[in-house]
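For reference, the structure discussed in these notes is given below.
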Amino acid sequence: MENSWAEKWFARKGWEPFDFQRACWQHYLGGKSGLLNAPTGSGKTLALFVPVLMEYVRENQGSWHQEKKNGLQAIWITPLRALAQDIQQAMNQVCEETGIRWRIAVRNGDTSASERQKQKRSMPECLVTTPESLHLLFTQKDNSLLFKDLKTVIVDEWHELLANKRGIQVQLALQHLKTLRAEPLKVWGISATIGNLDQAHEVLLGASAPKLIVRSSIKKEIKVQSILPDEVEKYPWAGHLGVKLLKKVIPIIASSQSVLLFTNTRSQTEIWYQKILEAKPDWAGIMAMHHGSLDPAVRAWVENALHEKKLKLVVCTSSLDLGVDFRPVDTVIQVGGPKGVTRFVQRAGRAGHHPGASSSIYFVPTHSLELIEASALRQAIESGQYEEQLPLEDCYDVLIQFLVTLAVGEGFYPQQLYPIIREVHAFRTLSPEKFAWLLEFVTVGGKALGSYEEFSKIDILADGLYKVSSRKTAMRHRLSMGTIVSDPMIQVRYLTGAYVGAVEESFISKLKPGDVFWFAGRSLEFLKIKEMKALVRKSKKKTGTIPRWMGGRMPLSSRLAELIRDELQKAAKNQLNSIELQTIHPILELQQNLSRIPDQSSLLIETCKSREGYHVFMFPFEGRFVHEVLAALVAYRISISFPISISIAMNDYGFELLSDSPIPIEDVLETDLFSDKDLMEDILSSINESEMARRRFREIAAIAGLVFQGYPGKGIQTRHLQASSGILYGVFETYDPDNLLLAQARSEVLHIQMEKSRLQQVIQRINRQKIHLLKTVRISPFAFPIMVDRLSRNSLSSEKIEDRIHRLQAELLA
DNA sequence: GACCTGCTGCGGGGTG
């Protein structure tokens, strides 16, 4: 009977609670922790907020009208600031309608100083916050008092945090909060569907926690509709823009109320925005653009206008993947392969955003082969195959930051802290020796930095308490908390001083005064750099470079890669059971005639001679990160026996080796080109590992608080970041070779950058596969995009500089 | 002959 008010309240609203909501109530009131798996827009916030209230009412003997202030009862962690207000509103509505007097407050970077003060005097019953802001609370004076009444922590969108360092922050925060409470703390995660929900549960709640995953039975129907070119033979074989299908996209937008058009890159967003505006000038006031380099104020305006149904179209990047939960959108268009099933489903879910509604998404291929990807995506959705989000481990940078956080706050005793850290999934194997190393590092700067005062952050007080006493250290630490390290950005402003947005410094540094570029939907002429700002004015010129940013490269997920190989297998057997495969048939036929279509049991290798030289193409279909390493490995192993210079290129489908002399591929295939033997050694010899580790170290040094990075988008203070982290790297290498942060940098190169485990699986797969080595008379449709990729950029090369010069000389003399 | 790229996320407080 104790949840009767909730039932009545639902009934009064004419709702029927979903089964999963009831299940959450039951488990929650039974004192359990767990993980909720439900699609967005299905009422998952209510599923957990309502039982939190129920418990409160129960503990107050049914009286919820009391005036007595209660302490903080629940913390709601969200990865996005933009979600906080929405959650707060939804909760406030529940409280208003049920009459429960709860104060629900938001605390994040937008929270004003006065609001912070207010919260300090008296905490609300429920705090909606980010992982970073929660950690900032731990640096406050007497902060443990804030949490004395805490009963619940809910981690929203856990799948977004699980696989990155923010997820480790969440793990650390949970473990710490548990120690502040005598009563057991209830912890619930909310997650979208991912391939490893069990693991998501374990990481959040601990290996020893009883497994409790509540799955909603709500099936979100997702319809995938590809926009097909009229004549696939004439559609580009390579490329990434897809604007040739603009004519077919316009009518879809025209007949919709509000559309989100997702692209994969910021420059692609700029281009599509321009092209649509050219085609439909009358949409000028009702369409907008949204990506990470735009002025935050513009972005906020767009989000708001979307909410108020003022916009017909927003062209965007992943910046709108999340955070439009409560915004009305009826059509979603995806331009280009989304590279992963989860991302695609996430985007599709932006449309028809309420229980029961189906979502439909239009897919616009940017080149012909991408149609295979569309077909694979549909298969993935039908069979429910999602990517896994793999948790990170042993991130000492995050742990160092946390140690300083605790020391800035109330301080810690190492012998008490160590077992607590060991309870955290990411550090469950942390040895006492390593912990001792970390303590030495934060107190005296380790072996290398001992003489520098600024690296001796924590003092050991007389009673053994580890505490930061320097106010300057404390302040700097608060300013640089968090695990997100941005690239150096430079502001773009008009001569009048008006702010346009921020672009990577590397882009601006390539421009000459007078160059014209498109940015934020405007044609701008670059004038000069002044006070670390790029000054521009409006230009009438319609042509110009589009800025390129230095974003991520988003390789094809291994799940989707596997499904693409499945689709190829079907095509090879002529089972064209999707409209996409039928459409692309002429190209597949050409591939078949010139070469062959690889299936799951075979690896296709093509060789070809052209004016450029001798090509070898291999098609593992494993995504560009893996191909990059694989290509370097193969080139290296060839070069051991045959001293020829080889340049390499790759895309998500395969890679190319190019040389001016014939590549003896038959011979090297016989010598176990893909052998497991000495695999890692050969890989490390074939790539510039130390340079990669050095670059990786930049982020680690920033998170560990060794270099102060300032704020992103605020000038160019970050310029020296690479330099100073590079110096530190060198110092550690020489004077402190056992430094755990160096080891971490190398491990991140291997596991994150090169996807080591995936690489090993690929090698194993290739060794099982039958190799088809074919000589083609001209470049095949599969090989063409890889070649284009190489032509369009100066791809990395295994060729030594001297060799290249020699070759160029020889060409000149010939 | 076809082609010309590379995402997102966060963020001071104690004292006078």
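So you know, we letter chains A, B, ... as the sequences are listed, proteins then strands, and number each from 1.
- Place A:D110 and A:E160 on DNA chain B by their nearest nucleotides, and A:E160 ends up nearer the 5' end.
- Taking atom CG of A:L136 as the reference point, atom P of B:dG11 lies 8 Å away to the nearest angstrom.
- The side chain of A:R166 contributes no N or O atom lying less than 4.0 Å from OP1 or OP2 of B:dC10.
- When heavy atoms are screened at a 4.0 angstrom cut-off, A:K472 is found touching no nucleic acid atom at all.
- What separates NE2 of A:H135 from P of B:dC10 is a distance of 15 Å, to the nearest Å.
- Straight-line distance from the CZ atom of A:F138 to the C1' atom of B:dG13: 17 Å, rounded to whole Å.
- Between A:K165 and A:E699 there is a salt bridge, since a side-chain N of the basic residue sits under 4.0 Å from a carboxylate O of the acidic one.
- By the side chain to side chain donor-acceptor pair (under 3.5 Å) test, A:S191 is found to be paired with no residue, residues two or more places apart in sequence or in another chain being considered.
- Of the candidate nucleotides B:dT5, B:dG9, B:dG11, B:dG9 has the atom nearest to the side chain of A:L80.
- Among the heavy atoms of the strands lying under 4.0 Å from A:Q140 are primed sugar atoms or P, OP1, OP2 only; no base atom is included.
- A salt bridge does not link A:R350 with A:D321: none of the charged nitrogens is closer than 4.0 Å to a carboxylate oxygen.
- A:R347 has no side-chain polar atom (N or O) that falls below the 4.0 Å cut-off from OP1 or OP2 of B:dT8.
- Counting to the nearest Å, the C1' atom of B:dA2 and the CD1 atom of A:I779 are 12 Å from each other.
- Contact check, A:K165 against B:dG9: no side-chain N or O comes under 4.0 Å of OP1 or OP2.
- Here A:A200 pairs with A:L35, A:W158, A:L162, A:I194 under the side-chain contact (heavy atoms from CB on, under 4.5 Å) rule; sequence neighbours left out.
- A sub-4.0 Å separation between OP1 or OP2 of B:dG9 and a side-chain N or O of A:S319 is absent.
- For A:R116 and B:dG13, the shortest distance from a side-chain N or O to OP1 or OP2 is below 4.0 Å.
- With B:dG11, B:dG13, B:dG1 as the choices, the nucleotide that has an atom nearest any side-chain atom of A:R778 turns out to be B:dG1.
- A:R81 has a side-chain polar atom (N or O) that falls below the 4.0 Å cut-off from OP1 or OP2 of B:dG11.
- In this structure, the CD atom of A:E231 is 16 Å from the P atom of B:dA2, given to the nearest Å.
- For A:K244 and B:dA2, the NZ to P distance is 9 Å, given to the nearest whole Å.
- Here B:dT15 is the nucleotide among B:dA2, B:dT8, B:dT15 with the atom lying nearest to any side-chain atom of A:K141.
- Taking every side-chain heavy atom of A:R266 into account, B:dT8 is the closest of B:dC10, B:dT8, B:dG9.
- At the phosphate of B:dG11, neither OP1 nor OP2 sits under 4.0 Å from any side-chain N or O atom of A:S480.
- Remark: P of B:dT8 and CD of A:E157 are 17 Å apart, rounded to the nearest angstrom.
- Heavy atoms of A:T483 sit nowhere under 4.0 angstrom from any nucleic acid atom.
- Nucleic acid contact class of A:R476 (heavy atoms, under 4.0 Å, all strands): none.
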